[in-house]
Amino acid sequence: MRAPLTVLCAVVAVLSIAEGARAAPADTASSASTPASDDRIGKRVTGFGTVALGMPGLAFMNELVGARLELEYTPRFALGFSLAYANLKGKDARVSNMLPEVSVAYRSPLGQSDFGVPTRFARGYLPKNGPTLRLTSGFDLAVNDSVSLELALLEPMMWVARDKPELSFNFGAAVRARF
């Protein structure tokens, strides 16, 4: 279980270090008059909060609050790692835990507007419980060139608790900043 998560983290780290090879060679006369293109990988950090409602019949309610670091390979595609504080329904009372996740994200812009539809697939591991899977989709709005607000409206999630899968339907909000 931990081997695939470790491999995925290693791939993200290697890709973040690798130089982009998209630039075409330019002649010296044109390169002297124009600045060189910047092919570096963009980085963004996101703070998020999520409420998870257990299905069917609201069997539980969990809350997640965390941060995500994403490597933006194109304006639409990013790989990320997040760590969230998890307030969970325990056997007898509320319990605290930490949920690390790796994710793949794609953002579809809506025309020429500042709105977009982000879609993210995340896989995590909740210590003392088991793996998690999450698929997120919603809307985002660019506040300016470096800050966006995101609203997760459709977020089914599978949790493994006491060796049995539990399903939740989540809602969340996030603030994302490029640096």
With sequence neighbours excluded, tell me which residues meet side-chain hydrogen bond (donor to acceptor under 3.5 Å, both in side chains) with [X].
X	answer
S113	none
S168	W159, N170
N144	S146

May I ask whether [X] and [Y] are part of the same hydrophobic cluster, defined by side-chain heavy atoms of I, L, V, M, F, W, Y residues being less than 4.5 angstrom apart, directly or through others?
X	Y	answer
L167	L53	no
L133	V160	yes
L135	L154	no
M157	V51	no
L79	V45	no

Under the side chain to side chain contact (heavy atoms under 4.5 Å, CB included) rule, collect the residues that match up with A142, sequence neighbours excluded.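 Result, side chain to side chain contact (heavy atoms under 4.5 Å, CB included) vs A142: D114, S148.
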For V175, check side chain to side chain contact (heavy atoms under 4.5 Å, CB included) against everything at least two apart and list the hits.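 If we apply the side chain to side chain contact (heavy atoms under 4.5 Å, CB included) test to V175, skipping adjacent residues, the hits are V147, L149.
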Atom pair [atom1]/[atom2] of [X] and [Y] - distance to nearest 0.5 Å:
X	Y	atom1	atom2	value
T132	R123	OG1	CZ	8.5 Å
N129	K164	CG	NZ	12.5 Å
E166	M158	CD	CE	10.5 Å
L88	F60	CG	CZ	9.0 Å
T74	I41	OG1	CD1	11.0 Å

Sequence neighbours excluded, which residues qualify as salt bridge (charged side-chain N to carboxylate O under 4.0 Å, His left out) partners of K128?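 By the salt bridge (charged side-chain N to carboxylate O under 4.0 Å, His left out) rule, K128 matches no residue at all.
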Residues two or more places apart in sequence or in another chain: which of them pass salt bridge (charged side-chain N to carboxylate O under 4.0 Å, His left out) with R44?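 For R44, the residues satisfying salt bridge (charged side-chain N to carboxylate O under 4.0 Å, His left out) (neighbours in sequence not counted) are E70, E72.
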With no hydrogens and no angle check, is any side-chain donor or acceptor of D140 less than 3.5 Å from a backbone partner on G116?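 Yes.
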[X] and [Y]: which non-hydrogen atoms are nearest, and at how many Å?
X	Y	answer
L64	A84	CB-CB, 4.3 Å
Y125	P131	CD1-N, 3.8 Å
A86	L126	CB-CD1, 4.4 Å
T119	S137	OG1-OG, 3.8 Å
P127	N97	O-ND2, 2.8 Å

Suppose we screen for ring pair (Phe, Tyr, Trp, His ring centres under 6.0 Å). Which residues come up paired with F139, at least two apart in sequence or across chains?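 Listed in chain order: nothing, the list is empty.
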Can you sort out the partners of F171 under ring pair (Phe, Tyr, Trp, His ring centres under 6.0 Å), two or more places apart, ordered by chain and number?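 F171 satisfies ring pair (Phe, Tyr, Trp, His ring centres under 6.0 Å) with F169 only.
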Going by the side-chain hydrogen bond (donor to acceptor under 3.5 Å, both in side chains) test, which pairs reach into residues 54-69, not counting sequence neighbours?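 Residue pairs with at least one partner in residues 54-69: E63-R94.
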Qualifying side-chain hydrogen bond (donor to acceptor under 3.5 Å, both in side chains) pairs with a residue from residues 50-61, counting only residues at least two apart or across chains: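 Qualifying pairs, neighbours excluded: none.
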Is there a side-chain contact between R134 and L99 (heavy atoms, below 4.5 Å)?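 R134 vs L99: side chains touch.
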Among pairs that include at least one residue of residues 97-124, which meet ring pair (Phe, Tyr, Trp, His ring centres under 6.0 Å), considering only residues two or more places apart or in two chains?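 Found none.
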Verdict with reasoning, F81 to E101, per side-chain contact (heavy atoms from CB on, under 4.5 Å): CA-CA 6 Å; F81 175 77; E101 291 180 306; over 6 Å; no
Is R107 salt-bridged to E150, going by a charged N under 4.0 Å from an acidic O?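 Salt bridge absent between R107 and E150.
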